[in-house]
Amino acid sequence: MRLDYLSIFPGYFDVLGISLLGKAAVNGLVDVYAHDLRDWTHDRHRTVDDTPCGGGAGMVMKPDPWGEAFDEIIGTEPDPSVHVVFPSPSGEPFTQSVAHDLSSVERIVFCCGRYEGIDHRVIDYARSMWTVHEVSLGDYVLNGGEVAALAITEAVVRLVPGFMGNPQSLAEESFSAGQDGLLEYPLFTRPVSWRGLDVPEVLMSGHHGRIAKWRRDESIRLTRERRPDLTDSDVSARH
Ligand SMILES: NC(=O)c1ccno1
């Protein structure tokens, strides 16, 4: 998998050389390239923004640098196998399902907006050429797309076959298919008693059936309490 990041702050992506992502890069699972959008400007000030047409506060990212960067980094021919991600508070929700879909693609280009955002024609052009995902991490606004791109990267790359040491751990996580899309149950390890707080007895019973039921019950309870939007009558009825 090749990952490209287009940003006026490419240094954000230096962190990808650390921890698991660094290992993936070393193993050849993932190739990471960060690009400074200002390298595709031609004026002394390396300008990437301008005032919004129609008025309004703030500045908008000009389309020209993006177009020239696309030409050089991706190419000038349409290719739907290239996935272009625009992190944006006005995007569709980024979910574990989207992460799974992206974990099987060969190439992802992250376009990190700043200021008030990117001239919309950049997104329209990208849609005419590649497979575009305008995605939001949640209902809040960041100063730019870089932090969201890092979060999306981690969620996607950890699902790439060969990345996680124990792929079974993926099956039991929140939102995974093995959990019916429910939240993960509470986790415990030794010591059995800690500051007057004990591990639930059932988890020390060695009775696998009872343990599995407790975990399922906890997942349903937590999901009902915290994310009623994720529970449906089927799940509740199945339990
Ligand atoms: N909510 C988001 O994903 C986001 C991306 C950029 N700013 O906010």
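Read the numbers this way: they start at 1 and go in the same order the structure lists the ligands and their atoms.
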Quiz item: Can you name the closest pair of heavy atoms from L159 and S103 and give their distance?
Solution: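 Smallest heavy-atom distance, with atoms named: CB-CB, 3.7 Å.
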Quiz item: Between S205 and V202, which heavy-atom pair has the shortest distance, and what is it?
Solution: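 In terms of heavy atoms, the two residues are closest at OG-O, 2.7 Å.
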Quiz item: Do T153 and V30 have side chains that get closer than 4.5 Å, going by heavy atoms?
Solution: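 Answer no - side chains too far apart.
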Self-check item: Test: R114 and D49 ion pair at under 4.0 Å
Solution: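 So R114 does not pair with D49 through a salt bridge.
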Self-check item: Salt bridge R210-E201, side-chain N to carboxylate O under 4.0 Å
Solution: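 The answer is no: the pair does not qualify as a salt bridge.
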Self-check item: Aromatic plane relationship, W130 with F70 - under 30° parallel, 30 to 60° tilted, over 60° perpendicular
Solution: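 Plane angle over 60°, so perpendicular.
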Please tabulate, line by line, the atom pairs linking an N/O of ligand 1 to a protein N/O at a distance below 3.5 Å, with the distance in Å to 0.1, or answer 'none'.
from	atom 1	to	atom 2	distance (Å)
ligand 1	1 (N)	S136	OG	3.4
ligand 1	1 (N)	G138	O	3.1
ligand 1	1 (N)	Y140	O	2.8
ligand 1	3 (O)	L137	N	2.7
ligand 1	7 (N)	L142	N	3.1
ligand 1	8 (O)	L142	N	3.2

